[in-house]
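All chains are named by letter (A, B, ...) in the order of the sequence lines, taking the proteins before the strands, and each is independently numbered beginning at 1.
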Number of protein chains: 2
Amino acid sequence: MVEGQSQNTSSGQALLYLTDEQLRQGIEAMFFAYRGFTADPDRILEGMSYGRAHHRAIHFIHCAPGTTVNNLLAILGVTKQSLNRVLRTLIEDGLVTSHVGRSDKRERHLTLTEAGEALEQQLSDAQRARMRDAYRKAGPDAVAGFKTVLEAMMDDDMKRAYLALREGR
Amino acid sequence: MVEGQSQNTSSGQALLYLTDEQLRQGIEAMFFAYRGFTADPDRILEGMSYGRAHHRAIHFIHCAPGTTVNNLLAILGVTKQSLNRVLRTLIEDGLVTSHVGRSDKRERHLTLTEAGEALEQQLSDAQRARMRDAYRKAGPDAVAGFKTVLEAMMDDDMKRAYLALREGR
DNA sequence: AAAATACGTCAGTCTTGTTGACATTCCAAG
DNA sequence: CTTGGAATGTCAACAAGACTGACGTATTTT
């Protein structure tokens, strides 16, 4: 609560970007930007009985083909029951295949089918198009700063998951 | 779909930050960061029968005291039925007051009570603490870039709402 | 007087999160 | 080798929070 006065306790200069007002602006920017961020895939998905949860599953299965349910669970941060409902419909609809693990038969390895990859492409294209526009408008330096701040905002285990994904590619 | 090859069609240099892989990283960073962004308030709210929806309402009523229901609706981007459920509980619990408009008696002007302000402080402190840490780690230049990209990601009407809030302060 | 606006509410649906109970599989200790 | 515990995944039921549609009321505008 005392820290709320960071604009006063600072050594007078160069820390103005840590003002409560500046932080509040950042919070609101995050809120509005996230809406834009999800808007395009949401629009595509609506009416095809899928939602944002399906999109997330598809995205990460695409990035890590053959991943297990448990793996996906850790990345998505939901309960396995919640994920299972989503996976079940995706499997029923032929967008995802589930193979029993070779070494450990408890595991199910998940992969996108051709139809699944096609939908992934469609969603991904829409989302990347928005990102690309934003990046282009903002320029490379802004983008670097953008990523730096986002990484600093993550919880430690999320950051680990985030970095692990990059190494896998 | 053809645009997916931006790394090849580019003039060879300086546009590497527009690569599909870079965009994908940005998308994932956004996903993981948003989870961190909401984690602290969510933790505070859980167990007190409120959720993220209540937080959002409280946040924007705090920022624009005396705002109307319609106004809030436009900012939050939800239906009035959805917002009403949230507002009803907040009013019942004495965190928000609703006053009939002076000039236009159809309007209800919303304000936080002392208890409401107290909760807002608590939530806001937690969320700002995370932002402050992230900002400090990243530095002022990164923060500037962060905001630039977020603004570029917003839909036009969200951007208008976002900027309007800043002018009101 | 009629139409439009602002707000509240009731009823019903959908997505997506939750917990609890249960089956299968693996592994390690007795 | 067997048995018990841990890990993986599935099914069922429920809750929060979004949505639509329909309706009522007060007020303002035309």
Just by distance, with hydrogens left out, do B:H59 and B:E120 show a side-chain donor and acceptor under 3.5 Å apart?
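There is no such pair between these side chains.
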
Does [X] reach a base, just sugar-phosphate, or nothing at all? Heavy atoms under 4.0 Å.
| X | value |
| --- | --- |
| A:R52 | sugar-phosphate |
| B:G77 | sugar-phosphate |
| A:H54 | sugar-phosphate |
| A:H55 | nothing |
| A:R88 | sugar-phosphate |

Identify, between A:G101 and A:A53, the residue whose nearest nucleotide on DNA chain C lies closer to the 5' end.
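Mapping each residue to its closest nucleotide by heavy atoms, the 5'-most match is A:A53.
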
Between [atom2] of [N] and [atom1] of [X], the distance in whole Å:
| X | N | atom1 | atom2 | value |
| --- | --- | --- | --- | --- |
| A:L110 | D:dT8 | CG | P | 14 Å |
| A:N84 | D:dA13 | CG | C1' | 15 Å |
| A:R85 | D:dC14 | CZ | P | 14 Å |
| B:D42 | D:dA16 | CG | C1' | 12 Å |
| A:H99 | D:dT8 | NE2 | C1' | 18 Å |
| A:L87 | D:dC11 | CG | C1' | 14 Å |

Tell me whether B:E114 at atom CD has more than 12 heavy atoms from other residues, nucleotides or ligands lying less than 6.0 Å away.
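Atom CD in B:E114 is not packed in, count stays at 12 or less.
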
Does any part of the side chain of A:M153, heavy atoms only, come nearer than 4.5 Å to the side chain of B:D133, both counted from C-beta?
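Side-chain contact under 4.5 Å: no.
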
Salt bridge check: are A:D42 and A:R35 linked by an N-O gap of less than 4.0 Å?
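Looking at A:R35 together with A:D42, the answer is no, because their closest N to O distance does not fall below 4.0 Å.
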
Do NZ/NE/NH1/NH2 and the carboxylate oxygens of A:K159 and A:D156 come within less than 4.0 Å?
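Answer for the salt bridge query: no.
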
Span of DNA chain C, from the first to the last nucleotide whose atoms fall under 4.0 Å of chain A heavy atoms:
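First and last nucleotides in contact are C:dT15 to C:dC26.
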
Among A:I75, A:L150, A:D157, which residue satisfies the side-chain contact (heavy atoms from CB on, under 4.5 Å) criterion with B:F32?
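The residue from A:I75, A:L150, A:D157 that satisfies side-chain contact (heavy atoms from CB on, under 4.5 Å) with B:F32 turns out to be A:I75.
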
Going 5' to 3' through nucleotides 21-30 of chain D, assign each nucleotide B (protein heavy atom under 4.0 Å from a base atom), S (under 4.0 Å only from sugar-phosphate atoms) or - (no protein heavy atom that close).
BB---BBS--

Between atom CE of A:M131 and atom CG of B:D20, what is the distance when rounded to the nearest 0.5 Å?
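Those atoms lie 12.0 Å apart.
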
Hey, what's the ring geometry for B:Y135 with A:Y17, parallel, tilted or perpendicular (30° and 60° as the breaks)?
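Taking A:Y17 first and then B:Y135, their aromatic rings lie parallel (interplane angle under 30°).
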
Which heavy atom of B:V100 sits nearest to which heavy atom of B:R108, and what is that distance?
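That closest heavy-atom pairing would be CG2-NE, 3.8 Å.
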
